[in-house]
Amino acid sequence: MSVLAGLLDVTPEESGGFVGAASGPADKRAYGGHLAAQALAAACRTVDSDKTPTSLHVQFLRGGDAGVPVHYFVEAVYDGRTAASRRVLARQDGRLLTTTTVSFSVAATGPEHAAHTTAPHAPADLPATGPIGPAPSLPLDEIDIRTNDDWSTGEFVRRLWWRVTVPLCGEPWLSTCAAAYVTDIYGIDPVLAVHGHSMTDRSHRTATTDSSIWFHRPIRAGEWNLLESRSPAAARGRGLVTLSLYDSDKVLTATLVQEGLAVLRT
């Protein structure tokens with residue numbers, strides 16, 4: 001099993017809950033994308049295989065320790081013939097870190113359309129940049145990341161191309177968990193970039209507070225995916241980021257909204 005696959009999935013416990021492996025390093029703040037991915041995996045392990053995730057909503061309450069495992073407790077809120085809902089609580093050393101709700105549905109026949117990205121670059125045209133700054137909790141030798149920041153329209157747009165370079169053997173929903181994992185990489189940075197700052201310059205205290213994802217189509221983590229992010233608003237020490245996830249054919253597969261702290265250091 002690859003390191004990434006081990007980080008995304010969870011293991012059943014005798015108590016009926018699940019435990020997720022630590023990402024490390026110890027005594028560093030846990031990566032929010034890791035907590036979101038593992039909460040999603042815990043929920044997925046409690047529903048029938050014909051139901052796939054349609055939405056994920058995470059509220060980040062406390063920071064966790066990246067070097068300590070996290071325990072996930074899943075409540076079966078609803079189980080219907082074609083839909084299901086789960087609530088997941090993540091705790092570490094008894095402290096509540098996140099609350100997550102996940103909705104599932106059986107695929108049905110209906111209208112189909114999708115936006116397409118107009119990104120000017122293909123990932124092959126960009127260098128393998130990795131994240132914009134340090135990301136010690138991520139196995140970066142297993143995720144190819146290429147970023148490009150664009151001001152050409154007068155609006156700041158960050159384009160982050162990514163693909164998993166190792167097999168994610170096992171459950172098909174692991175690719176969806178991988179998408180949740182990647183989407184929080186410097187996720188609040190566009191809020192600062194609009195004002196000429198970055199999370200890497202340490203000018204502001206930042207942290208994701210809420211994250212929502214709506215999944216429209218299957219995600220293929222082993223192929224190129226494009227995450228486009230913009231920040232339409234910021235006020236009162238909080239900023240909003242809207243994100244669109246596209247597949248290798250530049251077709252929209254998921255829509256995301258994140259809110260986070262962006263407080264000037266004094």
Side-chain angles (χ1 to χ4, degrees), residues 4-5 7-10 20 32-60 72 74 76-88 90 98-117 119 143 159-164 168 170-185 187 208 210-230 240-259:
L4 180 60
L7 292 175
L8 296 177
D9 208 351
V10 291
H34 187 210
L35 298 175
Q38 289 188 337
L40 176 57
C44 288
R45 287 203 167 275
T46 68
V47 300
D48 296 335
S49 59
D50 62 337
K51 297 182 177 73
T52 57
T54 58
S55 67
L56 169 75
H57 307 281
V58 186
Q59 185 177 22
F60 297 93
Y72 298 89
V74 182
V77 178
Y78 175 75
D79 279 297
R81 185 173 60 86
T82 62
S85 178
R86 295 292 184 267
R87 182 169 181 256
V88 186
T98 68
T99 64
T100 303
T101 57
V102 188
S103 297
F104 297 84
S105 179
V106 174
T109 302
E112 292 191 13
H113 63 270
H116 287 63
T117 181
I143 309 175
R159 295 186 174 93
L160 186 153
W161 288 96
W162 65 273
R163 65 185 174 104
V164 173
L168 292 180
E171 303 293 346
W173 41 256
L174 279 176
S175 279
T176 309
C177 293
Y181 184 81
V182 168
T183 53
D184 198 43
I185 296 177
T208 304
D210 292 271
S211 180
S212 295
I213 309 176
W214 291 267
F215 301 104
H216 314 308
R217 285 172 169 74
I219 294 170
R220 301 184 295 272
E223 300 179 12
W224 282 113
N225 295 269
L226 171 61
L227 187 67
E228 287 190 350
S229 56
R230 299 167 170 82
L240 196 73
V241 180
T242 58
L243 309 95
S244 299
L245 183 66
Y246 300 91
D247 63 15
S248 58
D249 296 320
K250 298 187 176 182
V251 176
L252 186 71
T253 57
T255 300
L256 307 87
V257 178
Q258 288 185 326
E259 184 205 50

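All values below come from the heavy atoms of this structure, side chains included, with hydrogens, waters and symmetry mates left out.
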### Residues that Thr117 engages under side-chain contact (heavy atoms from CB on, under 4.5 Å), provided they are two or more places apart
Ala119, Leu226, Glu228, Tyr246, Lys250

#### Entry: Minimum heavy-atom distance between Thr253 and Pro218, given as atom pair plus value
CG2-O, 4.0 Å

### Summary
When rounded to the nearest 0.5 Å, the distance separating OG1 of Thr99 from CG of Asp210 is 8.5 Å

### Message
With side chain to side chain contact (heavy atoms under 4.5 Å, CB included) as the criterion, how do Leu252 and His116 come out once you've worked through the C-alpha distance, each side chain's angles and the decisive distance to 0.1 Å?
### Response
CA-CA 6 Å; Leu252 186 71; His116 287 63; over 6 Å; no

### Spacing of OG1 belonging to Thr54 relative to NE2 belonging to His216, to within rounding of 0.5 Å
10.5 Å

### Query
Roughly how far, to the nearest 0.5 Å, is the OG atom of Ser103 from the CZ atom of Phe215?
10.5 Å

### Message
Distance check, rounded to the nearest 0.5 Å: Leu56 atom CG versus Thr100 atom OG1?
### Response
6.0 Å

### Query
Taking only residues two or more places apart in sequence or in another chain, which ones pass side chain to side chain donor-acceptor pair (under 3.5 Å) with Ser85?
none

### Query
Rounded to the nearest 0.5 Å, how far does CG of Asp184 lie from OG1 of Thr208?
3.5 Å

### Message
Less than 4.5 Å apart, side chain to side chain, heavy atoms only: is that true for Ile219 and Asn225?
### Response
yes

### Query
Under a 4.5 Å cut-off applied to non-hydrogen side-chain atoms, are Leu7 and Tyr181 in contact?
yes

#### Entry: Sequence-distant partners of Ala76, side-chain contact (heavy atoms from CB on, under 4.5 Å), two or more places apart
Asp79, Arg86

### Exercise: identify the closest heavy-atom pair between Ala114 and Arg217
CB-NH1, 3.4 Å

### Task
For residues Cys44 and Phe104, determine if any side-chain heavy atom of one lies less than 4.5 Å from a side-chain heavy atom of the other.
yes

#### Entry: For Arg87, side chain to side chain donor-acceptor pair (under 3.5 Å) partners two or more places apart
none

### Shortest non-hydrogen contact between Leu168 and Leu174, atoms and distance
CD1-O, 4.0 Å

### Message
Restricting to salt bridge (charged side-chain N to carboxylate O under 4.0 Å, His left out), what partner residues turn up for Asp50, sequence neighbours left out?
### Response
none

### Task
Taking all heavy atoms of Gln38 and all of Tyr72, pick out the closest pair and write down the distance.
OE1-OH, 2.7 Å

### Task
Can you sort out the partners of Ser212 under side-chain contact (heavy atoms from CB on, under 4.5 Å), two or more places apart, ordered by chain and number?
His57, Trp214

### Task
Mind listing the closest non-hydrogen atom pair of Phe60 and Val58 along with its distance?
CZ-CG1, 3.7 Å

#### Entry: side-chain contact (heavy atoms from CB on, under 4.5 Å) against Leu227, all qualifying residues, sequence neighbours excluded
Leu160, Thr183, Leu243, Leu245, Leu256

### Task
For Arg220, enumerate each residue passing the side chain to side chain donor-acceptor pair (under 3.5 Å) test, keeping only those at least two apart in sequence or located in another chain.
Glu223

### Task
State the OG1-NZ distance between Thr46 and Lys51, to the nearest 0.5 angstrom.
10.5 Å

### Side-chain heavy atoms of Val257 within contact of Leu240, under 4.5 Å
yes

### Qualifying residues under side chain to side chain donor-acceptor pair (under 3.5 Å), relative to Asp247, sequence neighbours excluded
none

### Task
For residues Ala37 and Cys177, report the shortest heavy-atom separation together with the two atoms involved.
CB-O, 3.4 Å

